[in-house]
Amino acid sequence: QVQLVESGGGLVQAGDSPRLSCAASGLTFSSYAMGWFRQAPKKGREFVAAVSLSGTTTYYADSVKGRFTISRDNTKNLVYLQMSGLKPEDTAVYFCAASRHQYGTGRMTEYDYWGQGTQVIVSS
């Protein structure tokens, strides 16, 4: 049974730099590209960042480029989202997801497994 479990969310201040983690189990982690998505209140889920199988290729939404960094540790089956310069508009539930796409992708339909999400609330 595949499980993706996110952690690291909570109430933070604008400008803070928290790190989200996603622990994967039940799959061959190094065979899956990983992504982070988010869903703000009353909005649809949107792509945030993705990382390739090896971790050498990354993709970002324009809204987070230069502020967020995605990385992975294939020895620990973990994927991270380091956030910095948080803004109130970054408030959302953040989800990690796993895709068989080799290089990572921003398309939700390309992802096979999803976590339950962790909420990040950014206060101004």
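All values below were derived from every heavy atom in this structure, side-chain atoms included, with hydrogens, water molecules and symmetry-related copies excluded.
- Remark: Lys65 engages Asp62 in a side-chain hydrogen bond (donor to acceptor under 3.5 Å, both in side chains) (not counting sequence neighbours).
- In terms of the side-chain hydrogen bond (donor to acceptor under 3.5 Å, both in side chains) criterion, residue partners of Arg107 (sequence neighbours excluded) are, by chain and number, Glu110.
- Arg45 meets the salt bridge (charged side-chain N to carboxylate O under 4.0 Å, His left out) test with no other residue; sequence neighbours excluded.
- Nearest heavy-atom pair, Pro88 versus Ser124, reported as atom, atom and distance to 0.1 Å: CG-CB, 3.8 Å.
- Formation of a donor-acceptor pair under 3.5 Å by the Glu6 side chain with backbone atoms of Cys96 is found in this model.
- Shown here for Arg67 and Gly85, the closest heavy-atom pair between the two residues is NH1-O, 2.9 Å.
- Looking at residues two or more places apart in sequence or on another chain, you find a side-chain hydrogen bond (donor to acceptor under 3.5 Å, both in side chains) between Gln13 and Ser123.
- In this structure, NE2 on His101 lies 11.0 Å from OG on Ser52, to the nearest 0.5 angstrom.
- By the 30° and 60° cut-offs, the orientation of the rings of Phe37 relative to Tyr111 is perpendicular.
- The disulfide (SG to SG under 2.5 Å) pairs that include a residue from residues 54-92 number zero, where partners must be two or more places apart or lie in different chains.
- By the salt bridge (charged side-chain N to carboxylate O under 4.0 Å, His left out) test, Asp112 pairs with Arg100, sequence neighbours left out.
- Annotation: disulfide (SG to SG under 2.5 Å) contacts involving residues 28-69, sequence neighbours excluded, are absent.
- In the hydrophobic clustering, Tyr80 connects to Leu78, either directly or through intervening members, whenever side-chain heavy atoms lie under 4.5 Å apart.
- Listed by chain and number, the hydrophobic cluster partners of Ile121 are Leu11, where partners are ILVMFWY side chains within reach of under 4.5 Å, directly or through others.
- Residue Lys43 comes nearest to Gln39 through the heavy atom pair O-NE2, 3.0 Å, listed as atom of the first residue, atom of the second, then distance.
- Distance check: Cys22 SG to Asn77 CG gives 10.0 Å after rounding to the nearest 0.5 Å.
- Open room surrounds CD on Gln116; 12 or fewer heavy atoms of other groups in view lie less than 6.0 Å from it.
- In terms of heavy atoms, Gly104 sits closest to Tyr59 at O-CE1, 3.7 Å.
- Ser31 is linked by a side-chain hydrogen bond (donor to acceptor under 3.5 Å, both in side chains) to nothing, counting only residues two or more places apart in sequence or in another chain.
- Taking a 4.5 Å side-chain heavy-atom cut-off between Ile, Leu, Val, Met, Phe, Trp and Tyr, the cluster of Val64 extends to Val2, Leu4, Val12, Leu20, Leu27, Phe29, Tyr32, Met34, Trp36, Val48, Val51, Tyr60, Phe68, Ile70, Val79, Leu81, Met83, Leu86, Tyr94, Tyr113, Val120, Val122.
- The salt bridge (charged side-chain N to carboxylate O under 4.0 Å, His left out) search around Arg38 returns Glu46, Asp90, not counting sequence neighbours.
- Side chain of Gln82 to main chain of Ser17: a donor-acceptor pair is present (N/O by atom type, distance under 3.5 Å, no hydrogens or angles).
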